[in-house]
*Asks:* 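Please see the structure below; I have some questions.
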Amino acid sequence: MFEEKTIAAIATAQSAGGIGVIRVSGSKATEICDRVFSGISQKKLSDSVGYRAYFGKVSDGGKDIDECVATVFRAPHSYTGEDVVEISCHGGLFVLKKALRAVFEAGATPASAGEFTQRAFLNGKIDLTQAQAVMDLINAHGEQSADAALATLEGALSSEIKGVASGLISASASLGAWVDYPDEDIEELKQDVLLDTLEKSKKKLEKLINGFDAGKTIMHGVNAVIVGKPNVGKSTLMNLLSGAQKSIVSQYAGTTRDAVENTVTLGGIVLHLTDTAGIRESDNPVESIGVEIARKKLDLATLVLAVFDSSEDLTREDFELLESCKGKICIAVINKCDLDAKNTRSEIEKYVENVVEISAKTGEGKDELAKCVANVLGTDKIDASSAILSDERQFYCTKEALKCVDEAIDALNCGVTLDAVNVMIDSAVNFLQSLTGEKAGESVVNEIFSRFCVGK
Ligand code: GDP
């Protein structure tokens, strides 16, 4: 049904820019755009071959709206796999919206969120892992997340998954032929060959699963919190990592009352970082609310940066903080290393394995902190250009496929009949094909694309 509609939307950001692009996709794309575009060459877009750009004007029938370049792509050699025209105007939102309205009046339908990419998927241009990578690439905040998303877009994950699936499919086909036609002269698939295929598939799936947490961190970053008693330098650390004055720094304890949030990149990883009020008992009701928020943020964060002042002895509040960091992924940041130190490191190490000494004021130790963050989150062991699972759906499909492969191996070793083993292999393949989208249900596909932005 989607083929019948020709869709259009602004494909660039919803704000002013040098250039703004209206993308039109569908079988009537050139015909519709001919109604709003007149090229100086007089050539009709509907007579054009693909990969051609035309300079001209976009108008609403009566009045010129803007000068523009119309680029024609012919199916299947376009982003969506359909005929596509991209009208590049000057990037003012008023002009773009006016031109888009003219395109609608000429016969196009407003595109829904992610509909261009959904069409690319439905037309077999990309699979579901690559479609998801488009959004990951758009949302990438750091070097590693962009590298990982690009690698997935270029097929790193789908070729890994398809490789495993095709090994299993050919094993299953041989097995099926032998099970279904026992009297025919079909060579029995040797058990050790089958086991070898299953073991190899298992290893590859396990590798993907083991890298999931780190991969997800690379792709989407983690929630991290800076905690510590007042005046240890939390806000100074926040500002150092932000590269900007995000939190108020002062020598007066209790200055930061509310949680201050910022997205920063450290060690190639995106941290959704919160600077909190200093955790201490307080009679001040406003400060107490801040302390309560800090405790909640500490509980919810994936990564805790617990800050201590190297120039002071540890206090009861420091020890309470160390206690509450137990069981969390935590780095103890001993700050103010530019001052005379009190040698509290060995005491802190009794509670927290990862300790870094820094000066948030001078920036000394920042690189070591970055390395430590990558190490505790496991991202330093991941090659961002390799196959990475980036979300829970992909993780679930891989885990279930692995379970089926495991069951098939056990069944084979226990002498269970080969047709039963074949059922398990088929289930594993089904999970892998739903990961890549070959067999994903319509609701799953719709759900994935609804998370996209309009125009993508
Ligand atoms: P917070 O209350 O934990 O957020 O602490 P602030 O960041 O507001 O810092 C408290 C005081 O310590 C301020 O006067 C900062 O200038 C000072 N400070 C923070 N970090 C350092 C550091 O690394 N070295 C030195 N010498 N002073 C620091």
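Computed from a prediction, not measured in an experiment: that's the story for all the values here. For ligands, and for the atoms within them, numbers begin at 1 and follow the listed sequence.
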*Asks:* Just to be sure I'm reading this right: ignoring hydrogens, which of Lys336, Met238, Glu364 gets closest to atom 18 (N) of ligand 1? Compare them by their nearest heavy atoms.
*Replies:*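 Checking each option, the heavy atom nearest atom 18 (N) of ligand 1 is found in Lys336.
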*Asks:* At less than 4.0 angstrom from any non-hydrogen atom of Thr236, what atoms of ligand 1 do you find?
*Replies:*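 Answer for ligand 1: 6 (P), 7 (O), 9 (O), 15 (C), 19 (C), 20 (N).
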*Asks:* Only distances under 3.5 Å count here; give the side-chain donor-acceptor pairs of residues 428-438 to other protein atoms, sequence neighbours excluded, each with its distance to 0.1 Å.
*Replies:*
residue: Asn430; atom: OD1; partner: Lys439; partner atom: NZ; Å: 2.9
residue: Gln433; atom: OE1; partner: Lys439; partner atom: NZ; Å: 3.1
residue: Ser434; atom: OG; partner: Phe431; partner atom: O; Å: 3.2
residue: Thr436; atom: OG1; partner: Gln433; partner atom: O; Å: 3.3
residue: Thr436; atom: OG1; partner: Glu438; partner atom: OE2; Å: 3.2

*Asks:* Indicate yes or no: does an N/O atom of Thr362 lie under 3.5 Å from an N/O atom of ligand 1?
*Replies:*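 No, no N or O pair falls under 3.5 Å.
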*Asks:* Taking Asp66 for its side chain and Val95 for its backbone only, find out whether a donor-acceptor pair lies under 3.5 Å.
*Replies:* no
*Asks:* Taking distance alone, with N or O pairs closer than 3.5 Å, would you say Leu339 contacts ligand 1?
*Replies:*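 Checking ligand 1 against Leu339, no N or O pair falls under 3.5 Å apart.
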*Asks:* Do any N/O atoms on Gly233 end up under 3.5 angstrom from N/O atoms on ligand 1?
*Replies:*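 Min N/O separation from ligand 1 is below 3.5 Å for Gly233.
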*Asks:* Would Arg23 and Phe116 count as a cation-pi pair here, with the cationic atom under 6.0 angstrom from the ring centre and within 45° of the axis?
*Replies:* yes
*Asks:* Do any N/O atoms on Asn231 end up under 3.5 angstrom from N/O atoms on ligand 1?
*Replies:*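 Yes; at least one N/O pair falls below 3.5 Å.
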*Asks:* Name each donor-acceptor pair under 3.5 Å that joins a side chain in residues 207-221 to protein atoms two or more places apart or in another chain, with its distance.
*Replies:*
residue: Asn210; atom: ND2; partner: Glu206; partner atom: O; Å: 3.2
residue: Lys216; atom: NZ; partner: Glu392; partner atom: OE2; Å: 3.1
residue: Thr217; atom: OG1; partner: Asp213; partner atom: O; Å: 2.8
residue: His220; atom: NE2; partner: Ser390; partner atom: O; Å: 2.8

*Asks:* Within the structure, does Pro230 bring an N/O atom to less than 3.5 angstrom of an N/O atom in ligand 1?
*Replies:*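 Checking ligand 1 against Pro230, no N or O pair falls under 3.5 Å apart.
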*Asks:* Under a 4.0 Å N-O cut-off, is there an ion pair linking Asp127 with Lys162?
*Replies:* yes
*Asks:* Give the contacting part of Asp338 toward ligand 1: side chain, backbone, both or neither, where contact means a heavy-atom distance below 4.0 Å.
*Replies:* side chain
*Asks:* Evaluate the side-chain proximity of Ile226 to Val307: yes if any heavy-atom separation is below 4.5 Å, no if none is.
*Replies:* yes
*Asks:* Under 3.5 Å, is there a donor on one side chain and an acceptor on the other for Gln394 and Gln132?
*Replies:*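 Yes.
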*Asks:* Please verify whether a non-hydrogen atom of Gly228 lies at under 4.0 Å from ligand 1.
*Replies:* no
*Asks:* Which option wins on minimum heavy-atom distance to atom 27 (N) of ligand 1: Lys361, Lys234, Lys229?
*Replies:*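 Shortest heavy-atom distance from atom 27 (N) of ligand 1: Lys361.
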